[in-house]
Amino acid sequence: LLKRHPSTHPHTENMSINVQRHVALLSVLIDKGFKTKNQLDPSRMTLLYFAVAGVAACGGMGLIKDDLKSRVVEWVYAQQVSLEKGGGFRMTPTLDDGHVTGAHCALLVLLLCGDDLSRVDKEAVGTFLTSIQQHDGSFRCTANGESDARFLYSAMVVCKILSLFDYINKGNAVKYAISNQRYDGGFSGNPYEESHGGNTFCCVASLVIMEADHFINKKRALKWLTSRLTPDSGFNGRPNKDADTCYNYWVGVSIRLLSDPKSFPLVDTSSIASFTKACECETGGIAKDLESRIDILHTTLPILGLSNLGVLGGLPELDPRMGCLKSVIDSCS
């Protein structure tokens, strides 16, 4: 059952979450998730990333046995697609084609598990990125899949980690990302669609990675982002929607990336922390809201978000662009 906590706002410096319980839960999911086929099988690589990234954000990777890390690394490499078959990484053994978010999550999982990426076929991954970029600068998820801001972001993370920008048209990617900024300041998944918190993060982080964030109308974007704080004290992803803990990350980190460090964080972080605490389960895990069950995505993203907002003390420093430990990203620069 979801334990309800008092709605009073804690002081930011005293905010704490049950790190040990969350690490214990996510560790089980790491062990089960990469080898168990179920209805979420097409997203298996992404779910594995959320489990590993959540443990890492809590400072718990040292608690994961080396044997389990090794098995995870071998499973991830088994999803690598050869150059002859198109390159990249697939999401799961039951699929054949490379997926750009599969590659994004695979690389981060490998790094967090201590791998040096020496077995990654960079040419195959780069060729895959070239093949999925469209004329407008956007990226498809697979050779014949859909394209939107999510897959632009995944492509940029891959390019950053493996230094593959020579394989893509960076100028067109910048133009595509900027074309998604709407009149209200937020970013949409594709031009002329509705602004959304997740898509705003994907476009903003992509532009920061490409060192092109000076093209963003930051004043308008920050106004839209700070307006996502709801009366329930959490962020929502669009106007007139309920608060959802995952937007600690999508909205909160976007604010961090666009803010002047002297004025950051621009919002009442103690109220966001209070909402998150109220959605925390006493046995481990965090739910999207007060009425929902816990899940892996809504356990990891709120922690990543609060840590990036400076609410959680004593945890490893994160790279806000990449959803990963800063030390890990720095090691592959």
Worked verdict on Met156 versus Arg321 for side chain to side chain contact (heavy atoms under 4.5 Å, CB included): CA-CA 10 Å; Met156 294 307 101; Arg321 306 165 301 171; over 6 Å; no
Derivation and outcome, salt bridge (charged side-chain N to carboxylate O under 4.0 Å, His left out), residues Lys218 and Asp213: CA-CA 9 Å; Lys218 295 184 180 181; Asp213 52 303; 3.1 Å; yes
Chi angles and distances behind the side chain to side chain contact (heavy atoms under 4.5 Å, CB included) call for Arg90, Gln79: CA-CA 5 Å; Arg90 56 180 170 251; Gln79 310 322 312; 3.1 Å; yes
Pair Ser138-Asp148, side-chain hydrogen bond (donor to acceptor under 3.5 Å, both in side chains): steps then yes or no: CA-CA 7 Å; Ser138 65; Asp148 61 43; over 6 Å; no
Stepwise side chain to side chain contact (heavy atoms under 4.5 Å, CB included) check, Phe89 with Val100: CA-CA 7 Å; Phe89 284 79; Val100 69; over 6 Å; no
Chi angles and distances behind the side chain to side chain contact (heavy atoms under 4.5 Å, CB included) call for Phe50, Val55: CA-CA 9 Å; Phe50 281 127; Val55 171; over 6 Å; no
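A salt bridge does not link Arg71 with Glu74: every distance from a Lys NZ or Arg NE/NH1/NH2 to an Asp or Glu carboxylate oxygen is 4.0 Å or more. Comment: Glu194 engages Arg238 in a salt bridge, judged by a side-chain N to carboxylate O separation of less than 4.0 angstrom. Looking at Lys85 and Asp97, no side-chain N of the basic residue comes within less than 4.0 Å of a carboxylate O on the acidic one, giving no salt bridge. Checked for salt-bridge contact, Arg182 and Asp184 miss the test: no charged N lies under 4.0 Å from a carboxylate O.
If you take OG1 on Thr230 and CZ on Phe235, they are separated by 9.5 Å, rounding to the nearest 0.5 Å. Ile161 CD1 to Leu117 CG: the interatomic distance, rounded to the nearest 0.5 Å, is 7.5 Å. The CG atom of Leu207 sits 9.0 Å away from the CZ atom of Phe215 when rounded to the nearest 0.5 Å. Ser270 OG to Leu309 CG: the interatomic distance, rounded to the nearest 0.5 Å, is 11.5 Å. Separating the CD1 atom in Ile168 from the CG atom in Leu129 is a distance of 7.0 Å, to the nearest 0.5 Å. Considering CG of Asn190 and OG of Ser147, their distance stands at 5.5 Å, rounded to 0.5 Å.
By the 30° and 60° cut-offs, the orientation of the rings of His196 relative to Tyr247 is perpendicular. Using cut-offs of 30° and 60° for the angle between ring planes, the Phe151 and His99 rings count as perpendicular.
With Ser307 contributing its side chain and Leu304 its backbone, the two residues share no donor-acceptor pair below 3.5 Å. The main-chain N or O of Gly285 is never found under 3.5 Å from a side-chain atom of Glu280 such that the two would form a donor-acceptor pair. Within the 3.5 Å criterion, the main-chain N or O of Lys288 finds no donor-acceptor partner in the side chain of Ser292. Not a single donor-acceptor pair under 3.5 Å links the side chain of Thr200 to the backbone N or O of Ser254. A donor-acceptor pair under 3.5 Å is absent between the side-chain atoms of Ser263 and the main chain of Ser259, judged by distance alone. Between the Lys160 side chain and the Ala155 main chain, no donor and acceptor come within less than 3.5 Å of each other. Checked by atom type and distance alone, the side chain of Gln133 pairs as donor or acceptor with a backbone atom of Asn169 at under 3.5 Å.
Nearest heavy-atom pair, Trp224 versus Ser195, reported as atom, atom and distance to 0.1 Å: CZ2-CB, 3.6 Å. Taking both residues in full, the closest heavy atoms of Leu297 and Cys246 are given as CD2-CB, 3.9 Å, listed atom of the first, atom of the second, then distance. The shortest heavy-atom contact between Val251 and Leu225 is CG1-O, 3.6 Å. Between Pro191 and Ser179 the shortest heavy-atom distance is CG-OG, 3.4 Å. Counting all heavy atoms, side chain and backbone alike, Gly323 lies closest to Ala53 at O-CB, 4.3 Å. Here the closest non-hydrogen pair linking Ala177 and Leu152 is CB-CD2, 3.7 Å.
Counting heavy atoms from C-beta outward, Pro320 and Val253 have side chains that approach closer than 4.5 Å. When side chains are defined from C-beta on, Leu107 counts as touching Leu162, because their heavy atoms get closer than 4.5 Å. Using a 4.5 Å heavy-atom threshold, the side chains of Thr127 and Leu83 count as touching. The side-chain heavy atoms of Ser233 and Ile272, taken from C-beta on, include no pair separated by under 4.5 Å. With a 4.5 Å cut-off on side-chain heavy atoms, Met322 and Val328 do not count as touching. The side-chain heavy atoms of Thr142 and Ile132, taken from C-beta on, include no pair separated by under 4.5 Å. Between Asn180 and Asn199, the closest side-chain pair of non-hydrogen atoms is not below 4.5 Å. Looking at Val109 and Leu112, their side chains never come closer than 4.5 Å, going by heavy atoms from C-beta outward.
Under a cut-off of 6.0 angstrom, the local environment of CZ in Arg293 is sparse, with at most 12 non-hydrogen atoms contributed by other residues, nucleotides or ligands. Within 6.0 Å of the CD atom in Gln20, the count of heavy atoms belonging to other residues, nucleotides or ligands does not exceed 12. By the neighbour-count criterion of 12 heavy atoms within 6.0 Å, atom NE2 of His214 is densely surrounded, having more than that number from other residues, nucleotides or ligands. More than 12 heavy-atom neighbours from other residues, nucleotides or ligands sit within 6.0 angstrom of NZ on Lys170.
No chain of hydrophobic side-chain contacts below 4.5 Å, direct or via other Ile, Leu, Val, Met, Phe, Trp or Tyr residues, connects Val125 to Val81.
In the model, Thr276 has a side-chain atom that pairs as donor or acceptor with a side-chain atom of Asn248 under 3.5 Å. For the residue pair Asp330 and Ser327, no side-chain donor N or O sits within less than 3.5 Å of a side-chain acceptor on the partner. Inspection of the His298 and Asp244 side chains reveals an N or O donor paired with an N or O acceptor under 3.5 Å. Ser154 and Thr101 form a side-chain donor-acceptor contact under 3.5 Å, judged by distance and modelled atom types alone.
Side-chain rings of Tyr153 and Phe201 approach one another, their centers coming within less than 6.0 Å.
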